[in-house]
Amino acid sequence: MRLRNLYQSYSVYYTGKIPVSCGDTEAWLGHGHYFWDSFVDDAHWWGRTHYHGDYSICQSSYDYDSLDFFDLVGNTEHIAAFEECARILQKRYTGGRQLKVCDVLRFMKTVNKSFRFKAYRAWPIPEHTSSRKFFYDQHQGYFYIRQTKIQMCVTELDFLEEDCKIIFTSSIDPHSVV
């Protein structure tokens with residue numbers, strides 16, 4: 001078992017249970033609990049940009065060797081299956097509606113009864129993010145690019161190896177706001 005950390009940012013004013021669930025079935029990976037995979041800096045970025053600095057971060061972990069997540073980052077079989085389904089589904093779409101990732105995942109669940117995953121892992125690659133580069137040889141131009149911000153949408157909480165614990169809260173005191 002290889003454990004990897006997951007981090008979720010949420011508003012410091014949120015008073016419900018953690019992790020926070022996204023109930024929007026049209027969210028890019030569908031309904032679930034959205035986390036940033038492995039890099040706490042990504043959770044801080046989300047908190048700064050989406051909660052204006054008034055945020056908390058909780059942490060959990062998952063088994064990277066698990067077969068219970070659909071991996072659009074590192075599993076070439078999953079990537080190929082997803083792209084094939086997207087091509088099939090795109091042919092069915094008419095009327096100008098753009099095909100979404102959540103549409104493809106819903107389609108895959110519908111046509112394949114064995115497509116039962118507890119989480120989905122993918123690169124969101126928003127326009128306003130950048131890649132981090134680590135150059136090995138500047139003269140030859142060899143470099144490694146890490147796409148920032150790998151996201152995990154957990155649809156079943158028993159996928160997590162541990163309960164979420166709060167590891168960061170911004171300095172804003174939500175009770176001091178008038």
Side-chain angles (χ1 to χ4, degrees), residues 1-12 14-51 55-86 100-110 112-126 129-132 134 144-170:
M1 178 184 296
R2 293 184 293 163
L3 293 181
R4 282 208 173 158
N5 287 331
L6 292 173
Y7 303 96
Q8 184 184 72
S9 304
Y10 57 95
S11 171
V12 73
Y14 177 74
T15 59
K17 277 180 52 176
I18 59 170
V20 179
S21 177
C22 174
D24 185 357
T25 57
E26 292 300 310
W28 88 283
L29 293 172
H31 169 76
H33 303 80
Y34 282 77
F35 292 89
W36 298 105
D37 191 332
S38 301
F39 301 103
V40 70
D41 287 347
D42 297 336
H44 282 291
W45 165 81
W46 188 264
R48 285 189 309 272
T49 59
H50 290 78
Y51 301 116
Y55 66 99
S56 293
I57 296 174
C58 66
Q59 174 186 330
S60 188
S61 63
Y62 72 101
D63 177 4
Y64 185 68
D65 296 320
S66 171
L67 300 176
D68 288 334
F69 70 96
F70 191 70
D71 187 5
L72 292 172
V73 174
N75 186 318
T76 55
E77 291 174 4
H78 289 179
I79 294 166
F82 179 85
E83 289 178 357
E84 178 61 27
C85 284
K100 298 177 185 177
V101 173
C102 63
D103 296 328
V104 178
L105 292 173
R106 252 192 315 272
F107 177 73
M108 293 177 85
K109 291 177 204 174
T110 302
N112 183 352
K113 298 302 178 202
S114 66
F115 188 87
R116 295 291 173 239
F117 293 95
K118 296 179 177 185
Y120 304 95
R121 184 172 180 257
W123 275 314
I125 312 180
T129 65
S130 61
S131 297
R132 297 179 189 144
F134 179 80
Y144 163 77
I145 297 176
R146 176 174 75 82
Q147 293 288 359
T148 60
K149 305 181 185 13
I150 297 171
Q151 214 166 29
M152 177 80 78
C153 176
V154 176
T155 58
E156 297 180 34
L157 289 177
D158 66 347
F159 173 76
L160 300 175
E161 290 295 323
E162 59 191 13
D163 289 339
C164 282
K165 61 185 179 213
I166 299 170
I167 62 164
F168 174 84
T169 298
S170 64

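What you are looking at is a predicted structure, and each value in this text was computed from that prediction instead of being measured. Side-chain atoms are counted along with the backbone in the values below, which use heavy atoms only and exclude waters and symmetry mates.
- Contact record, Tyr14 with Ile18: CE2-CG2, 4.3 Å, taken as the closest heavy-atom pair.
- Considering only heavy atoms from C-beta on, Val101 stays 4.5 Å or farther from Tyr120 through its side chain.
- Residues Leu160 and Leu6 approach most closely at CD2-CD1, 3.7 Å, considering heavy atoms.
- At a threshold of 4.5 Å between non-hydrogen side-chain atoms, the residues Phe39 and Trp45 do not count as touching.
- Under the rule for a side-chain contact (heavy atoms from CB on, under 4.5 Å), the partners of Ser38 that lie at least two apart in sequence or sit in another chain are Arg4.
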Check against side-chain contact (heavy atoms from CB on, under 4.5 Å), Asp37 and Tyr62: CA-CA 9 Å; Asp37 191 332; Tyr62 72 101; 2.6 Å; yes

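- Between the side chain of His78 and the main chain of Phe70, no donor-acceptor pair closer than 3.5 Å is present.
- Residues meeting the side-chain contact (heavy atoms from CB on, under 4.5 Å) test with Ala86, sequence neighbours left out: Leu99, Val104.
- Scored by the side-chain contact (heavy atoms from CB on, under 4.5 Å) test, Leu3 finds Met1, Ser61, Glu161 as partners (sequence neighbours excluded).
- Looking only at side-chain heavy atoms (C-beta outward), Val40 and Asn5 stay at 4.5 Å or farther from each other.
- Here OH of Tyr51 is found 10.5 Å from OG of Ser56. Values are rounded to the nearest 0.5 Å.
- Arg116 is linked by a side-chain contact (heavy atoms from CB on, under 4.5 Å) to Lys109, Lys113, counting only residues two or more places apart in sequence or in another chain.
- Among residues two or more places apart in sequence or in another chain, the side-chain hydrogen bond (donor to acceptor under 3.5 Å, both in side chains) test is passed with Asn112 by Ser114.
- Residues passing the side-chain hydrogen bond (donor to acceptor under 3.5 Å, both in side chains) test with Glu77, sequence neighbours excluded: none.
- Of the possible polar contacts, one joining the Ser60 side chain to the Glu162 backbone as a donor-acceptor pair under 3.5 Å is found.
- Between Gly23 and His31, the shortest heavy-atom contact is CA-ND1, 3.1 Å.
- Within the structure, salt bridge (Lys or Arg N to Asp or Glu O under 4.0 Å) pairs that include any residue of residues 55-74 comprise Arg2-Asp65, Asp71-Arg121 (at least two apart or interchain).
- Residues Cys164 and Phe35 are in side-chain contact: their nearest non-hydrogen atoms beyond the backbone lie under 4.5 Å apart.
- For Tyr64, the ring pair (Phe, Tyr, Trp, His ring centres under 6.0 Å) criterion is met by no residue, not counting sequence neighbours.
- Thr110 is linked by a side-chain hydrogen bond (donor to acceptor under 3.5 Å, both in side chains) to nothing, counting only residues two or more places apart in sequence or in another chain.
- Counting heavy atoms from C-beta outward, Trp36 and Gln151 have side chains that approach closer than 4.5 Å.
- The side-chain contact (heavy atoms from CB on, under 4.5 Å) test with Pro19 singles out one residue from Leu157, Asp163, Val154, and that residue is Leu157.
- With hydrogens and angles disregarded, a donor-acceptor distance shorter than 3.5 Å links the side chain of Gln8 to the backbone of Val20.
- Residues satisfying the ring pair (Phe, Tyr, Trp, His ring centres under 6.0 Å) test with Tyr55, not counting sequence neighbours, are His44, Phe168.
- Panel note: side chain His33, backbone Cys153; no donor-acceptor pair is recorded below 3.5 Å.
- Separating the SG atom in Cys58 from the CD1 atom in Ile166 is a distance of 7.5 Å, to the nearest 0.5 Å.
- Residues Ser66 and Phe159 come closest through the heavy atom pair OG-CE1, 3.9 Å.
- Separation of atoms NZ (Lys149) and CG (Asp41) is listed at 8.0 Å; rounding is to 0.5 Å.
- Residues that satisfy the side-chain hydrogen bond (donor to acceptor under 3.5 Å, both in side chains) test with Glu83, not counting sequence neighbours, are absent from this structure.
- Qualifying ring pair (Phe, Tyr, Trp, His ring centres under 6.0 Å) partners for Tyr7, counting only residues two or more places apart in sequence or in other chains: none.
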